Visitor: 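Dumping the structure here so I can ask a few things about it.
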Amino acid sequence: MEADNILPSETWIAYPNPTSSKVVINLGNQMLTTQDISVFDHLGKAIQVGIQNPGGPIPEIDFSTLHTGMYIIRIRTDGEYKLFQVIRK
């Protein structure tokens, strides 16, 4: 894989963090599907969450039903993975 295909990490943003409701993921011009987005708890267990606007460049992940704690959002783009640590307050 060429380095030109890797989006610089400073342009990948997950906010607000910490959150009590939803997290917005901004990956610039990358388009995602629900299969490209995974959420895991602090033990590495996959968590089911609601995802709004998964086909757009800025999907929203609903954390409102999750317990307080640390979660990892894993995003797959072009065969690469990016991890975001998110705190649910």
Side-chain angles (χ1 to χ4, degrees):
M1 177 168 298
E2 297 179 26
D4 293 341
N5 293 337
I6 300 173
L7 190 63
S9 62
E10 63 269 8
T11 62
W12 298 19
I13 302 168
Y15 60 92
N17 191 10
T19 188
S20 60
S21 58
K22 66 181 177 181
V23 172
V24 176
I25 305 291
N26 187 338
L27 297 176
N29 61 356
Q30 297 289 319
M31 300 302 275
L32 302 174
T33 67
T34 55
Q35 291 80 25
D36 296 325
I37 303 169
S38 302
V39 177
F40 301 90
D41 67 10
H42 69 283
L43 298 175
K45 179 182 173 189
I47 303 294
Q48 294 292 323
V49 293
I51 301 172
Q52 298 174 348
N53 194 28
I58 305 177
E60 297 176 358
I61 302 173
D62 183 9
F63 275 73
S64 65
T65 61
L66 301 179
H67 295 289
T68 300
M70 194 227 10
Y71 294 88
I72 301 294
I73 300 172
R74 183 179 71 182
I75 305 291
R76 181 184 64 199
T77 60
D78 298 326
E80 298 289 324
Y81 290 94
K82 174 68 177 173
L83 302 177
F84 296 96
Q85 179 177 317
V86 174
I87 304 296
R88 165 65 165 95
K89 60 179 182 178

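These numbers were taken from a predicted model, which means no experiment stands behind them.
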Visitor: Which pair of heavy atoms, one from Pro16 and one from Val23, lies closest together, and at what distance?
Guide: O-CG2, 4.0 Å
Visitor: May I ask whether Ile72 and Ile51 are part of the same hydrophobic cluster, defined by side-chain heavy atoms of I, L, V, M, F, W, Y residues being less than 4.5 angstrom apart, directly or through others?
Guide: no
Visitor: What residues, two or more places apart in sequence or in another chain, satisfy side chain to side chain donor-acceptor pair (under 3.5 Å) together with Ser64?
Guide: Asp62
Visitor: Going by side chain to side chain donor-acceptor pair (under 3.5 Å), name the residues that satisfy it together with Glu60, two or more places apart in sequence or in a different chain.
Guide: Lys22
Visitor: Would you mind listing every ring-ring contact (aromatic ring centres under 6.0 Å, His included) that reaches into residues 64-89, with sequence neighbours excluded?
Guide: Phe63-Tyr71
Visitor: Do you know the tightest heavy-atom contact between Asn17 and Gln85?
Guide: ND2-O, 2.8 Å
Visitor: Supply the atom-to-atom distance Lys89 NZ to Ser21 OG, rounded to the nearest 0.5 angstrom.
Guide: 9.0 Å
Visitor: Less than 4.5 Å apart, side chain to side chain, heavy atoms only: is that true for Arg88 and Ser20?
Guide: yes
Visitor: Do Ile73 and Leu83 belong to the same hydrophobic cluster, where Ile, Leu, Val, Met, Phe, Trp and Tyr are linked whenever their side-chain heavy atoms lie under 4.5 Å apart, directly or via other members?
Guide: no
Visitor: Answer with yes or no whether the hydrophobic clustering places Val49 together with Met70; edges join I, L, V, M, F, W, Y residues whose side-chain heavy atoms lie under 4.5 Å apart.
Guide: no
Visitor: Linking I/L/V/M/F/W/Y whenever their side-chain heavy atoms sit closer than 4.5 Å, directly or via other members, would Val86 and Ile37 fall into one cluster?
Guide: yes
Visitor: Mind checking the CD1-NE2 spacing from Ile47 to His42? Nearest 0.5 Å is all I need.
Guide: 9.5 Å
